[in-house]
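Report on the structure given below.
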Amino acid sequence: MNRWKYLLFILACLSQIGCAALLTEQTYVLIDRDVKEKATFHGEIYSLPERANIRKIVLLGSGKIRNIEIHVRDKRNRWAPAKKVPGGIQFPYEIPLIARTNAVKIIKHAMTGAGRIEKVQFYTVADKGD
């Protein structure tokens, strides 16, 4: 029975430490690299020159759009779905994301609204030393 008490105590301590780490405020920094934009049949592709840890995407534009999907390119250069935004959005719009990638594809489905995306900004988490 003593083992279970110790185990429960250790788990309670670890959960407290984990929750504290999750609740600390993160500082986001703009990834200041050239972003290349390419229109394809299946959506707009935004490419970075190298892989980066993306934690947030900010869409800048005009009007309203709805029903978009965000896909990221994985290590094998395949597109993996990351986020789906079915409701209507107004600009600027922030999309939280956790991905290590060098390209993001935004798919706008048939009924997207009267708006348009003019710019996409990628953000990462600032280092503690900054």
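Starting from 1, each residue takes its place in the sequence as its number. Quick note: numbers below take in every heavy atom, side chains included, and nothing from hydrogens, waters or symmetry partners.
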Beyond-backbone contact of [X] with [Y], side-chain heavy atoms, under 4.5 angstrom:
{"X": "Ile54", "Y": "Thr101", "value": "yes"}
{"X": "Pro81", "Y": "His71", "value": "yes"}
{"X": "Val35", "Y": "Val120", "value": "no"}
{"X": "Tyr93", "Y": "Val85", "value": "yes"}
{"X": "Tyr28", "Y": "Val125", "value": "yes"}
{"X": "Ile31", "Y": "Tyr123", "value": "no"}
{"X": "Ser62", "Y": "Glu118", "value": "yes"}
{"X": "Ile117", "Y": "Leu60", "value": "no"}

Distance check, rounded to the nearest 0.5 Å: [X] atom [atom1] versus [Y] atom [atom2]?
{"X": "Lys105", "Y": "Ile107", "atom1": "NZ", "atom2": "CD1", "answer": "5.0 Å"}
{"X": "Gln121", "Y": "Asp32", "atom1": "CD", "atom2": "CG", "answer": "10.0 Å"}
{"X": "Gln90", "Y": "Lys64", "atom1": "CD", "atom2": "NZ", "answer": "4.5 Å"}
{"X": "Asn67", "Y": "Lys84", "atom1": "CG", "atom2": "NZ", "answer": "6.5 Å"}
{"X": "Asn53", "Y": "Phe122", "atom1": "CG", "atom2": "CZ", "answer": "13.5 Å"}
{"X": "Ile45", "Y": "Thr40", "atom1": "CD1", "atom2": "OG1", "answer": "4.5 Å"}

Which heavy atom in [X] sits nearest to a heavy atom in [Y], and how many Å separate them?
{"X": "Val72", "Y": "Ala99", "value": "CG1-CB, 4.1 Å"}
{"X": "Arg51", "Y": "Arg33", "value": "O-NH1, 4.1 Å"}
{"X": "Phe91", "Y": "Gly63", "value": "CD1-O, 3.3 Å"}

- Message: Other residues, nucleotides and ligands only: do more than 12 of their heavy atoms fall within 6.0 Å of CD1 on Ile98?
- Response: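 12 or below, so no.
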
- Report the hydrophobic cluster partners of Phe41, with the cluster defined as I, L, V, M, F, W, Y residues connected by side-chain heavy atoms closer than 4.5 angstrom, directly or transitively.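 Result for Phe41 is none, singleton.
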
- Please check if the side chain of Arg73 supplies one atom and the backbone of Asn102 the other of a donor-acceptor pair under 3.5 Å.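 A pair under 3.5 Å: no.
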
- Query: Applying the 4.5 Å side-chain criterion to the ILVMFWY set and letting contacts propagate, would Leu48 and Leu97 be lumped into a single cluster?
  - Reply: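 Looking at the clustering, Leu97 is in the same group as Leu48.
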
- In terms of side-chain geometry, is the basic nitrogen of Lys108 or Glu44 positioned less than 4.0 Å from the acidic oxygen of its partner?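 Salt bridge: no.
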
